[in-house]
Every structure is written in C-alpha cells, then in structure tokens.
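Just so we're clear, the structure is a prediction, and the values are computed from it rather than from any experiment. This chain uses plain numbering: 1 for the first residue, then up along the sequence. Atoms within a ligand are numbered from 1 in the order they appear, just like the ligands themselves.
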Amino acid sequence: MKGWMGKIRTLFLLSLLSLLLSGCGKENLTAFSPKGYGAEVSLNLIIISLLVMIFVFIVVMVIYTIVLIRYRQKKGQEDFVPKQTEGNKALEVIWTVIPIILLIIIAVPTVSATFDLADTTEKNDSLNISVTGNQYWWHFNYGEEEIQTSQDLYIPTGEKVYLNMMSSDVLHSFWVPTLAGKMDTNPENENTMYIEAYEEGVYYGKCAELCGPSHSLMDFKVIAVSPEEFDQWVEDMQNVNPDATPETASAQEGQALFENSCLSCHAIGSSPTAVGPNLTNFGDRSKIAGVVDYSKENLVKWILNPEEFKPGNKMSGNYSVPEPEEAEKIADYLLQLQPSEVTPESATE
Ligand SMILES: [Cu+2]
C-alpha cells in the first residue's frame, strides 16, 4: 500500500509539473499558435497524431476497465479456473488491421507534408539567405543583396524565403517555432528549408541541438516586415559606409579602438570574412549577443567579460581586453550603428 501511495504522489507531482510547465513560453516562441506555413503544417500533424493517440488510449482504457470489473474474482470463486483458449483468428486480425489503419492515417499526411516542406522548385526565383550556425550565434548572408548580418534575420512577409544552412563548427539546429519546423546545420553539408511569415512581427528563434555550454543562450530573432519595408531595409543596409565617422568624440575614439582590436574577428558592412558576428546594424538590435538586455552598461560588461554572459564563447580569451574607459568608447561607437529605421515595435521588447 505504501509503495502505491508513493507512486501516486510522484504521478500527481509530475502531472502538476507538466501543467505548470505547459504554461511557460511566450508569444511568437511557440509551435501552438503558428504564424507561418511550416509551423501551420507541423501543428496539423501534431493534432492528427494526438487524436489517434487519444483514441487508442481511450479504447484501451475502456476495455481494460470493463475487463477489470466484469471478470474479477468474486467471493467463493477462489478455485475457479476460467475456460482456457488458445489463439483467436478474429481478434488477431482486428488488432493487426486497426493499428495499420491508424498508422496510415498518420503516415499519409506526414509523408506528403515532408515532401511539401522539402520542396525547392521555387528556390531560384526567391530570396535566398545563407545561414551559418556558430558557437553561439547565427550569421546571415544575403548573397545576391550583398548584405551580411547576424542574430536578427530580416525577411519580407507573405513569401517563401529559402535558407541554405551550414555550421562553422559543431551541429546546431535552426528553430523558429512560430514560423517553421527545425532544421539541422551541419559542418559538412548544406541543408535547405524555406520559411514564410504570414504577418509582420518579431519571431523568436532557438538553437535546438545541444552544441556546448551556452547552447541554451544561442537565441536569435526573425524580424518579418512588409515587402516594402524589407526593400527599404535592404537599401539602408547596402548604403552603410563602414568607414563613416560617428558624431560624438567618444564614438570616434571607439571606432579607432574597434578597428584596431575588434575588426580582426568582427565586421561592419558587407565584408564576408568575419569569424565573429557582423555588427553592421548593432544599434538596431534589441539584445546583446542574442540574450543580454540591451543597454550601454551591459554592452560594456560584455566587452570586458563575455564569459560572464555566454560561457565557452569564442571571444573569451581570444582578444586583448580593453580598459573600462576604452570599452565605454567602443560601446558608444557600436550603439550608434543604426543604418535602418525598419524595426517593428515589438522588436524593442
Ligand atoms: Cu547551437
């Protein structure tokens, strides 16, 4: 009896926990209110599978309960042995055919969705972006537009955008649950998927493949804007002059410091050679390194000790740490890099 009570208590706690955890998450970081084609197709598959599983569960539980009540040993029947049977053709046919039918119900839409989502026939006429997963940030290369950026992926709404994905180091997985399913990024081969956002907004992305100590901090955003705003953003980004002189003296000094010590890894403008994130539109971002609240104070802290925020990142230990006053100036320089006005309001969250 005691063992049973323990098991029931554990079960109760687990159900309570799952109830609590299912309340976690936030808008535009959930697969359950899709705002893109891939996510919508995936949710439909989840619902079909779930309905089939619930059906099976109910049928099994009903039969189980009936048998348990109806055929339990009654008083005075202690020595009663039921009639022994062996094999039952009808039953065996039933429990073979029913699962086959259920599997077909799941398999047909799943296979057709798999081919649908892997379809690349419109790729050559669409916007193509090369995505590279890195420990622990994302690089986006708009090849034809000659734009490099990182962490914030701008896309136009209402059209398929093709992502050609690789990794520069270990396996990562690109996942924006509200827009589409997951896709692995591998170092040795390119994977392609498309995403399509129905409406404007900021959609949160996560790395979905354990890739190192800061895996859970490898956040990014997809910023979907109207096609007109997207064209404006492209133009703004293309017009960036990486050598433009900032307005304030502090930012000017910061620029010189940045060019001396940071530019060997980072890049401003369309240079594709960066090993660290491209910072062309750093002033338009709403997070530092994808996860840290956006403020000058935090940026200075990041420049002085990135390890505090993202353990195991490749910046830590690979640069000569500036003096705090120098870090302030570099921060002043980076914060004024704002080439575009195109940022949906929700991006400031
Ligand atoms: Cu990762």
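- Counting only protein N, O or S atoms closer than 2.8 Å to the Cu ion (ligand 1) gives 4.
- Ring centroids of Phe220 and Phe174 are separated by less than 6.0 Å, placing the two rings close together.
- Taking the centre of each ring, Tyr142 and Trp233 come in below the 6.0 Å mark.
- Of the N and O atoms on the side chains of Asn134 and Ser168, at least one donor lies less than 3.5 Å from an acceptor on the other residue.
- Side chain of Thr280 to backbone of Ile268: no donor-acceptor contact under 3.5 angstrom is found.
- Between the side chains of Asn239 and Asn241, not a single donor N or O lies within less than 3.5 Å of an accepting N or O.
- Cation-pi geometry between Lys206 and Trp175 is not satisfied (NZ or CZ under 6.0 Å from the ring centre, within 45° of the ring normal).
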